[in-house]
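To keep things clear, I will list the structure first and then write my remarks on it.
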Amino acid sequence: MSALHDPVLAWYDDHARELPWRGVQASAWSVMVSEFMLQQTPVARVLPVHEQWLTRWPTPADLAAESSGEAVRAWGRLGYPRRALRLHAAATAIVAEHGGEVPASYDDLRALPGIGDYTAAAIATFAHGRRHVVLDTNVRRVFARAVSGVEFPAASVTRAERDVAQDLLPEDEPTAASWSVAVMELGALVCTAANPRCGDCPVAGLCAWRAAGKPAYDGPPRKVQTWAGTDRQCRGRLLAVLRDAEGSVPRARLDAAWADEAQRTRCLASLLADGLLVRTDAGSYALP
DNA sequence: AAGACGTGGGT
DNA sequence: TACCCAAGTCT
């Protein structure tokens, strides 16, 4: 046991948010839907959409019975709509290959579309109580500071980082699961990227970064997402037209949504290629 | 393996 | 106002 364990676990007992995908009554499917939605998206924006999804599609089979376009539409403005497509595809695979039950094994989860290392570990852990290293951006930041003494982790997960997390993972399954969610929560609420609330941190006295005087980040420049005028913005505009329409829309409606013709045409093609849009027989466009 | 991929709230 | 960045995945 590390000296970090008890204070972090105790802190979580007192400060954990009550979220619908936590708690004993939450289904594995509820956890899985939440993990997809939470990929790069804040909790506050996920909450209402998650509730709508679970009400409308309480099981993987319910979602799989719908068209993928309905999933994209119901995804709303969560962003990265390919996640909706992948979640729909994952639900379909769960019905076809797993009897409609969300798999409990990391390997089975990892094989599903849209599920990478983090999400597989998270679902196995939070939905099924399995013991896995759960390394998300929050956990990585907490360990970078508390253990490694630096403000931010590297751009991608390193072997050393994984070793630290593995060494810190409690031996028994229930405690390992509690530990993982507790460290994540600590990173989300206290050990935040900007303006960490060290005064509220249960392990401030053990934190290597704080002990070193909180040295400023000195690694390579962290990537900043460009946005205005990008294909991403264009794609978002085009898809929003379809999301907000009843059925199919004529090409002219899409043309009106983005001025640059070359870029618009390119983005339309990429949306088609991604399966986020389809062309109808009449030559108009619709959600799949 | 660096870059693409949405969106909106916080500072 | 800009810029930061939020429970990643895929190619």
Side-chain angles (χ1 to χ4, degrees), chain A residues 12 16-17 19-22 26 30-50 72 75-87 89-90 109-127 132-143 151-158 165 177 180-189 191-197 217 220-244 257-258 263 266-267 270-271 273-276:
Chain A
Y12 184 75
R17 291 167 292 182
L19 300 172
W21 46 87
R22 289 181 181 160
S30 175
V31 173
M32 177 168 163
V33 171
S34 80
E35 290 301 341
F36 270 74
M37 292 182 171
L38 287 164
Q39 291 168 1
Q40 300 284 283
T41 306
V43 168
R45 287 174 45 209
V46 165
L47 248 14
V49 184
H50 179 272
V72 172
W75 196 253
R77 305 187 67 78
L78 243 28
Y80 292 145
R82 289 189 293 191
R83 291 182 293 168
L85 240 32
R86 291 172 181 153
L87 183 47
L109 288 162
R110 185 67 182 77
L112 295 171
I115 296 188
D117 173 68
Y118 161 75
T119 303
I123 296 172
T125 298
F126 304 140
H132 290 280
V133 168
V134 178
L135 264 189
D136 80 323
T137 189
N138 291 304
V139 173
R140 296 185 63 215
R141 189 173 55 249
V142 170
F143 290 164
E151 186 176 17
F152 296 114
S156 54
V157 177
T158 64
S180 293
V181 73
V183 176
M184 282 180 67
E185 192 78 336
L186 186 64
L189 299 182
C191 195
T192 49
N195 310 315
R197 302 165 53 197
Y217 176 78
R222 292 187 292 160
K223 57 172 181 257
V224 289
Q225 300 181 355
T226 53
W227 175 244
T230 59
D231 284 6
R232 293 161 79 175
Q233 184 182 29
C234 180
R235 286 166 54 105
R237 289 277 178 77
L238 295 175
L239 198 59
V241 172
L242 270 298
R243 222 169 31 222
D244 298 339
W258 193 262
Q263 186 175 30
R266 179 173 69 245
C267 289
S270 73
L271 287 169
D274 288 346
L276 283 164

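Residue numbers start from 1 in every chain, and the chains themselves are labelled A, B, ... in the order their sequence lines are given, proteins ahead of strands.
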- Message: Judged by each residue's nearest nucleotide on DNA chain B, which is more toward the 5′ side, Ser156(A) or Asp231(A)?
- Response: Ser156(A)
Is [X] touching bases, backbone alone, or none of the nucleic acid, heavy atoms closer than 4.0 Å?
X         : result
Leu19(A)  : base
Trp75(A)  : nothing
Arg77(A)  : sugar-phosphate
Leu78(A)  : base
Gly79(A)  : base
Ala193(A) : sugar-phosphate
Arg140(A) : nothing
Arg266(A) : nothing

Under the 3.5 angstrom rule, does the side chain of [X] hit a backbone N or O of [Y] as a donor-acceptor pair?
X         : Y         : value
Arg110(A) : Thr119(A) : no
Thr125(A) : Ala121(A) : yes
Arg82(A)  : Asp274(A) : no
Glu185(A) : Val181(A) : no
Arg22(A)  : Arg17(A)  : yes

- Can you name the salt bridge (charged side-chain N to carboxylate O under 4.0 Å, His left out) partners of Arg141(A), sequence neighbours left out?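 Expected list: none.
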- Does Thr41(A) get its side chain close enough to the base of dG6(B), under 3.5 Å, for a donor-acceptor pair? yes
Interatomic distance where [atom1] belongs to [X] and [atom2] belongs to [N] [whole Å]:
X         : N      : atom1 : atom2 : result
Gln40(A)  : dA4(B) : CD    : P     : 15 Å
Asp244(A) : dT7(B) : CG    : C1'   : 14 Å
Gln263(A) : dA4(B) : CD    : P     : 13 Å
Arg232(A) : dT7(B) : CZ    : C1'   : 10 Å
Leu242(A) : dG6(B) : CG    : C1'   : 16 Å
Tyr80(A)  : dG3(B) : OH    : C1'   : 11 Å
Gln39(A)  : dG8(B) : CD    : C1'   : 18 Å
Leu238(A) : dC5(B) : CG    : P     : 12 Å

- Name the first nucleotide and the last nucleotide along DNA chain C (5' to 3') that come under 4.0 Å of a heavy atom in chain A. dC4(C) to dC10(C)
Atom pair [atom1] ([X]) and [atom2] ([Y]), whose distance is rounded to the nearest 0.5 Å:
X         : Y         : atom1 : atom2 : result
Leu87(A)  : Glu35(A)  : CG    : CD    : 11.5 Å
Gln233(A) : Leu238(A) : CD    : CG    : 10.5 Å
Thr41(A)  : Tyr80(A)  : OG1   : OH    : 8.0 Å
Leu78(A)  : Arg83(A)  : CG    : CZ    : 5.5 Å

- Query: Mapping Pro113(A) and Val43(A) to their closest nucleotides on DNA chain C, which lands nearer the 5' end?
  - Reply: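 That would be Val43(A).
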- Message: Return whichever of Pro42(A) or Gly114(A) has its heavy-atom-nearest nucleotide of DNA chain C closer to the 5' end.
- Response: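 With Pro42(A) and Gly114(A) compared, the 5'-side residue is Pro42(A).
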Can you give me the N/O atom pairs linking the protein to nucleotides 9-11 of chain B at distances under 3.5 Å, or say none if there are none?
none

- Could you walk me through whether Arg235(A) and Ser270(A) pass the side chain to side chain donor-acceptor pair (under 3.5 Å) check? CA-CA 8 Å; Arg235(A) 286 166 54 105; Ser270(A) 73; 2.7 Å; yes
Take atom [atom1] in [N] and the same atom in [M], then report the distance between them in whole Å.
N       : M      : atom1 : value
dC5(B)  : dA7(C) : P     : 22 Å
dC10(C) : dG8(B) : P     : 24 Å
dC4(C)  : dG6(B) : C1'   : 16 Å

